[in-house]
Amino acid sequence: MERYYQPEIECASREQILAWQNERLVNQVQNVWDNVPYYRKKMEEKGLTPKDIKGVEDLHKLPFLTKDDLREAYPYGLLARPLKDCVRVQSTSGTTGKRVIAFYTQHDLDLWEDCCARAIVATGGTNEDVCHVSYGYGLFTGGPGLNGGSHRVGCLTLPMSSGNTERQLQFMVDLGSTILCCTPSYAAYLAESAAERGIRDKLKLRAGIFGAEAWSEEMRHEIEKGLGIKAYDIYGLTEISGPGVSFECSEQNGMHINEDHFIAEIIDPNTGEVLPEGEKGELVFTSITKEAFPLLRYRTRDICVLSRKPCSCGRTHVRMSKPMGRSDDMLIIKGVNVFPSQIETVLLEQGYAANYQIIVDRVNNSDTLEIQVEMTPEMFSDQLSHVAEQEKQLVNALKAMLGIYAKVRLVAPKSIARSEGKAVRLIDKRKI
Ligand code: DLL
């Protein structure tokens with residue numbers, strides 16, 4: 001029975017891991033210097049050459065990369081391989097105009113799928129499992145990543161993609177799905193729908209691999225109870241490959257980062273200073289094995305804590321806590337990345353003023369997004385049909401920009417409270 005478990009890597013000594021990281025980092029810096037003029041310039045601005053980076057202890061000298069760099073260098077500016085060597089593109093969900101896109105060579109896809117396979121095996125996954133992948137497919141990395149990992153483990157893979165709950169449940173029952181991969185909010189919804197249909201006892205699920213958005217321990221218990229499974233967290237981001245950058249083991253106490261591929265640092269988001277282990281700060285990744293899109297010191301904006309305390313599962317790779325928030329204003333709604341500025345852009349484009357409020361909530365374990373928008377005095381109309389028409393137009397424009405449904409409520413001019421300080425435009429009622 002094949003198990004995609006690599007104890008010689010995942011349980012390697014700290015010295016061994018550091019030795020790999022030192023060698024791979026030095027090579028990667030040289031590679032980026034030689035092939036990515038954008039980053040070379042950033043290094044030159046700091047007076048650095050590859051000779052200055054002799055190992056992980058010098059990592060802190062390198063300049064950071066941010067989402068803004070990715071947008072500036074869009075689409076090819078950070079590519080380190082000729083396009084003819086690239087075989088895949090993935091993209092982040094719901095970002096404005098210039099999306100963040102990542103390129104992959106076949107080697108990059110292989111290493112990404114390895115990482116996802118490790119995550120599946122950490123839940124006890126084997127080739128006897130039926131792996132039901134309900135993350136979205138397409139540009140989003142969730143579906144393709146877990147799909148590839150599932151193949152590697154040898155599971156029977158169900159590439160369900162998201163939506164169509166009726167069909168999801170039917171396949172789950174008919175084919176005896178044992179592992180479910182989707183966002184935690186969709187897992188909670190599936191649990192509820194299974195209960196409503198009285199088919200909870202017909203499910204053979206035993207594990208779930210849930211990520212792409214923040215979820216609490218309470219939600220974990222609810223999903224575990226609702227589906228009769230053990231629920232594992234998985235983390236990742238498109239820029240660094242996708243899901244599987246880190247994953248939970250049987251301890252369900254922090255996610256092991258695949259340190260043979262990614263070096264993690266925690267920094268103070270305000271000063272950029274590297275913080276000691278155990279301190280809370282912004283997570284930064286350097287990918288040391290990727291070919292096409294190797295980002296050095298990429299600021300994720302996710303706030304978390306790293307721990308090197310031994311884990312009883314035997315894995316030695318450092319663990320990250322669940323992200324506790326973001327150092328920017330990005331919201332994750334139903335697994336989709338949403339920036340309030342995108343909403344404002346749509347409103348202004350449609351002729352509204354910037355008097356609005358974004359209300360995010362979680363109802364029945366599913367995120368909801370409502371936008372209350374003040375009509376301008378010129379638009380104000382008490383004819384309900386007209387208001388409904390205007391609301392519909394905004395819903396469509398927002399859907400086109402964000403990729404998700406937002407309920408729109410037009411309200412009378414001057415009815416949204418004005419603030420004397422910063423405008424309170426966002427009310428996030430989700431308890432996470
Ligand atoms: O969400 C990749 C992914 C797919 C991860 C499926 C896990 C499962 P992006 O769309 O680029 O990629 O969004 C990345 O999502 O910076 C975090 O803020 C957030 N995020 C991802 N996983 C988790 C998690 C995918 N387990 C952004 N917990 C990241 C909390 C998460 N937040």
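In this chain, numbering begins with 1 at the start of the sequence shown.
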Item checked: Ring centroid separation Y104 to W112 under 6.0 Å ->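 Centroid separation for Y104 and W112: below 6.0 Å.
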Notebook entry, point to check: Which residues pass the side-chain contact (heavy atoms from CB on, under 4.5 Å) test with K280, sequence neighbours left out?
Noted result: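 By the side-chain contact (heavy atoms from CB on, under 4.5 Å) rule, K280 matches I303, V305, M324.
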Exceeds 12 heavy-atom contacts within 6.0 angstrom, atom [atom1] of [X]:
X: Y137; atom1: OH; result: yes
X: Y405; atom1: OH; result: yes
X: Q170; atom1: CD; result: no
X: Y189; atom1: OH; result: no

Next item on the list: Decide side-chain contact (heavy atoms from CB on, under 4.5 Å) for F103 and R88; before the verdict, give the C-alpha distance in whole Å, the side-chain angles of both, and the deciding distance to 0.1 Å.
Entry: CA-CA 6 Å; F103 299 86; R88 176 85 71 79; over 6 Å; no
Check: Atom CZ in R14, atom NE2 in H317: separation rounded to 0.5 Å?
Finding: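 Taking CZ in R14 and NE2 in H317, the distance rounds to 9.5 Å.
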Checklist line | Between CD1 on residue I223 and CG on residue L180, distance to nearest 0.5 Å | finding: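 One gets 9.0 Å once the value is rounded to the nearest 0.5 Å.
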Checklist line | Partners meeting side-chain hydrogen bond (donor to acceptor under 3.5 Å, both in side chains) with Q106 (sequence neighbours left out) | finding: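 With neighbours one apart ignored, the set is D110.
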Checklist line | Partner set under side-chain hydrogen bond (donor to acceptor under 3.5 Å, both in side chains) for N365, not counting sequence neighbours | finding: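 With sequence neighbours excluded, N365 shows a side-chain hydrogen bond (donor to acceptor under 3.5 Å, both in side chains) to E222, given in chain and number order.
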Next item on the list: Dump the intermediate steps for side-chain contact (heavy atoms from CB on, under 4.5 Å) on S134 and S162, then the final yes or no.
Entry: CA-CA 5 Å; S134 307; S162 49; 5.6 Å; no
Notebook entry, point to check: Does the distance from a Lys or Arg side-chain N to an Asp or Glu carboxylate O, for E370 and R409, drop under 4.0 Å?
Noted result: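 Salt bridge flag = yes for R409 with E370.
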Next item on the list: Output yes when R197 and E166 qualify as a salt bridge under the 4.0 Å nitrogen-oxygen rule, no when they do not.
Entry: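 Salt bridge between R197 and E166, a charged N being under 4.0 Å from a carboxylate O: yes.
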Note to self: Quick check on side-chain hydrogen bond (donor to acceptor under 3.5 Å, both in side chains): which of T123, T178, T157 does D129 satisfy it with?
What the structure shows: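 Single side-chain hydrogen bond (donor to acceptor under 3.5 Å, both in side chains) partner of D129 among T123, T178, T157: T178.
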